[in-house]
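Below: one structure, written as structure tokens.
Letters A, B, ... mirror the listed sequences (proteins, then strands); counts begin at 1. As a basis for the values below, the full set of heavy atoms in this structure was taken, side chains included, without hydrogen atoms, waters or symmetry mates.
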2 protein chains.
Amino acid sequence: MATIKQVAERAGVSVATVSRVLNDNGYVQLDTRKKVEEAIDQLGYIPNEVARSLYKKESRFIGLLLPDITNPFFPEMARGVEDELQEEGFYLLFGNSDESLERELKYIQTFVQNNVVGLISATNLADKANYDNLPIPTVFLDRGSQSEYSVYSDGVEGGRIAASEMIKRGSRKITVLKGPAHVMPVQERFQGTIEVLVQANVDFQVISLESLSFQEGMRRAYEIFEKFPETDGIIASNDTTATAILHEALSRGKSIPDEVQIIGFDDIQQSSLVFPSLSTIRQPIYDMGREAAKLLIKLIKKQAVEQPHIKLDVSYVNRNTTRKVK
Amino acid sequence: MATIKQVAERAGVSVATVSRVLNDNGYVQLDTRKKVEEAIDQLGYIPNEVARSLYKKESRFIGLLLPDITNPFFPEMARGVEDELQEEGFYLLFGNSDESLERELKYIQTFVQNNVVGLISATNLADKANYDNLPIPTVFLDRGSQSEYSVYSDGVEGGRIAASEMIKRGSRKITVLKGPAHVMPVQERFQGTIEVLVQANVDFQVISLESLSFQEGMRRAYEIFEKFPETDGIIASNDTTATAILHEALSRGKSIPDEVQIIGFDDIQQSSLVFPSLSTIRQPIYDMGREAAKLLIKLIKKQAVEQPHIKLDVSYVNRNTTRKVK
DNA sequence: TTGAAAGCGGTACCAA
DNA sequence: TTGGTACCGCTTTCAA
């Protein structure tokens with residue numbers, strides 16, 4: 001790997017001059033610049049970003065913290081983040097926290113140690129202490145509006161929509177899934193749903209979920225159909241649990257959506273591929289990632305931020321686990 | 001952010017001594033160490049990895065290059081890589097190449113500029129030039145055995161298994177999908193399949209795919225059912241295209257698996273969630289990621305590598321798009 | 001318009 | 001057992 005010094009020698013100038021042509025600042029005579037550029041070409045020189053980062057106390061890296069990339073919700077989000085960053089010349093350092101506060105802290109520390117210039121976090125931590133007095137801006141993704149900077153979608157409204165679609169489409173004995181307490185956006189959905197259900201005065205039950213996994217969905221689905229066999233509509237916490245419920249219903253010979261309607265939340269890719277395809281509340285997952293990156297870049301560049309909390313709209317996606325509007 | 005110098009001052013020792021306690025090498029008197037540790041605690045000091053990296057000419061980062069994390073095949077792989085790395089104290093720098101040679105090169109360059117110590121690449125590049133005389137070891141993932149170090153699964157055998165299961169389960173007019181020429185592992189599957197089909201002397205057609213996307217799968221599915229309505233078995237290039245074919249078949253009222261059997265390849269998560277659930281050839285995706293990371297770490301540590309090419313086994317997963325063995 | 005040199009925050013060699 | 005210091009590769013100030 002060639003260094004700036006070698007380039008300088010070859011071009012017969014000082015390193016300062018090379019640095020000037022590299023960064024295109026300060027005065028450089030045209031022919032001097034030419035000589036330098038030739039030397040750079042000949043040596044195949046690329047500047048060492050580590051040295052730059054050390055001096056400038058900042059890198060081109062942004063840290064992205066996710067609960068688990070294996071959860072189909074997150075790849076799309078990560079892609080949104082990356083696409084936006086990439087356009088702005090930033091790069092991604094990435095870690096799965098796996099719901100471990102310790103692992104999360106470890107990643108944050110490593111990020112900071114490496115002069116990362118910003119952080120995007122989509123973890124579900126109960127505890128914000130990990131993020132206190134960080135020397136870099138942080139944007140929280142998909143976690144409601146409680147933090148200083150955040151990008152999220154309108155969970156309460158999504159929950160409302162789910163409930164009113166369910167009612168509109170004829171369900172009268174509804175079971176609502178309540179996601180784990182520490183997952184903020186899932187609580188908001190739940191609230192929105194309950195609000196509408198209470199107002200409309202329809203019968204409903206609540207089943208609590210310990211996690212948002214497929215397996216937990218299966219377990220609870222079993223419980224639902226055993227305890228509340230008369231249920232004719234299920235509002236799930238997310239698409240993964242909705243899919244689990246769909247499976248359990250199908251394997252019990254329930255006709256979907258005729259006997260039971262199901263509405264999910266998120267609109268992950270696979271929701272259109274299950275059978276029957278899943279009606280759901282769509283979050284603009286990719287855009288959420290993109291917006292978070294945009295906001296973070298503004299913060300990094302110290303540009304004015306008009307909206308520290310960006311709330312994106314959700315919408316109902318009508319597929320085949322719900323009936324026609326009556 | 002405290003620096004080593006501040007720690008040294010506070011502890012009343014030299015930076016050299018602080019460095020020694022930090023790295024736990026060289027002689028340090030017990031009470032000196034105590035003083036230093038106290039100073040570190042009081043200042044909340046964490047060493048700057050950038051400075052370390054500059055001096056040592058290596059970081060704790062490994063670059064991971066993927067075609068597209070949004071493709072459900074890759075998250076699991078990335079997770080395998082990360083889990084292994086994390087245990088060894090390495091971190092992940094990550095980029096989606098998006099099938100663009102240029103973008104790929106850009107990422108590789110950035111990785112190198114940042115003293116990354118190793119590279120894992122799962123892209124489909126036709127062109128290996130991007131990887132020539134890199135100063136760091138590279139492991140190629142899911143790309144056959146042609147490169148110096150590689151981790152992949154036995155595609156040829158997988159293709160054979162798919163064909164023989166298809167025949168065993170009664171299909172006699174088989175359509176085989178042929179993935180894009182530049183995607184190596186997909187070609188191997190194809191070869192294995194053809195080999196068995198020819199040997200068994202059964203009727204078959206080949207349909208070429210321009211990509212492995214769901215949309216392309218839909219297009220070709222249409223073509224298959226129009227051109228070869230008598231097809232009674234379809235061997236897809238991967239699970240995504242298999243799922244597309246399943247949809248098209250279902251929407252044409254074909255009974256699956258009675259009229260047409262379908263076998264996919266990969267066993268991505270969603271394959272067990274589609275309906276009917278997809279019979280497929282399972283690749284150990286997570287383990288592939290993990291093995292690649294293991295191999296790379298060996299290379300980085302300059303440990304002996306007995307196996308530069310690691311081929312993992314595939315297996316048939318019997319689900320509901322295939323019939324009982326006759 | 002150019003170059004010399006200090007400094008970013010560590011590590012490691014050598015001398016004390 | 002400890003400290004002084006050169007050095008990693010770059011940027012930037014200051015002087016020429």
Between [atom2] on [N] and [atom1] on [X], what's the gap in Å once rounded to a whole number?
X: A:Ile40; N: D:dC10; atom1: CD1; atom2: P; answer: 10 Å
X: A:Ile4; N: D:dT12; atom1: CD1; atom2: P; answer: 11 Å
X: A:Asn115; N: D:dC10; atom1: CG; atom2: C1'; answer: 14 Å
X: B:Leu22; N: C:dA12; atom1: CG; atom2: C1'; answer: 14 Å
X: B:Ile46; N: C:dG10; atom1: CD1; atom2: P; answer: 10 Å
X: B:Leu54; N: C:dA12; atom1: CG; atom2: C1'; answer: 14 Å
X: A:Gln6; N: D:dC8; atom1: CD; atom2: P; answer: 11 Å
X: B:Arg60; N: C:dT11; atom1: CZ; atom2: P; answer: 13 Å

Taking the minimum atom-to-atom distance to the side chain of [X], which one of [options] wins?
X: A:Ala16; options: D:dC10, D:dC8, C:dA4; result: C:dA4
X: B:Ser19; options: C:dT11, D:dC10, D:dG9; result: C:dT11
X: A:Val13; options: C:dG3, D:dG9, C:dG10; result: C:dG3
X: A:Thr3; options: D:dC10, D:dC8, C:dT11; result: D:dC10
X: B:Lys56; options: D:dG9, C:dA12, D:dG4; result: C:dA12
X: A:Asn25; options: D:dT12, C:dA12, C:dA4; result: D:dT12
X: B:Tyr27; options: D:dT2, D:dG9, C:dT2; result: D:dT2
X: A:Asn48; options: D:dC10, C:dT11, D:dT12; result: D:dC10

side-chain hydrogen bond (donor to acceptor under 3.5 Å, both in side chains) against A:Glu99, all qualifying residues, sequence neighbours excluded:
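side-chain hydrogen bond (donor to acceptor under 3.5 Å, both in side chains) check on A:Glu99 returns A:Asn124, A:His182.
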Is there a side-chain contact between A:Leu64 and A:Leu85 (heavy atoms, below 4.5 Å)?
no
Looking at side-chain heavy atoms only, is the closest gap between B:Leu296 and B:Pro137 below 4.5 Å?
yes
Near DNA chain C, which residues from residues 29-39 of chain B have a heavy atom under 4.0 Å away?
none
At less than 4.0 Å, is any side-chain N or O atom of [X] found next to OP1 or OP2 of [N]? Yes or no.
X: A:Tyr55; N: C:dG10; value: no
X: A:Lys57; N: D:dT11; value: no
X: B:Thr17; N: D:dG3; value: yes

Heavy atoms under 4.0 Å, any strand shown: does [X] hit a base, just sugar-phosphate, or nothing?
X: B:Lys5; value: nothing
X: B:Val28; value: sugar-phosphate
X: A:Val18; value: nothing

Say whether, by atom type as modelled, one donor and one acceptor occur between the side chain of [X] and the main chain of [Y] under 3.5 angstrom.
X: A:Arg103; Y: A:Asn96; value: yes
X: A:Ser59; Y: A:Phe61; value: yes
X: B:Asn71; Y: B:Phe73; value: yes
X: A:Glu104; Y: A:Ser121; value: no

Quick one: is the NZ or CZ of B:Arg60 closer than 6.0 Å to the six-membered ring centre of B:Tyr91, and within 45° of its axis?
no
Under 4.0 Å between a Lys/Arg side-chain N and an Asp/Glu carboxylate O for [X] and [Y]?
X: A:Asp41; Y: A:Arg10; result: no
X: A:Glu37; Y: A:Lys34; result: no
X: B:Glu38; Y: B:Lys35; result: no

5' priority, DNA chain D, between B:Val15 and A:Pro47 [closest heavy atom]:
B:Val15
Anything under 3.5 Å between a protein N or O and an N or O of nucleotides 14-16 of chain D, put it in a table, one pair a line.
none

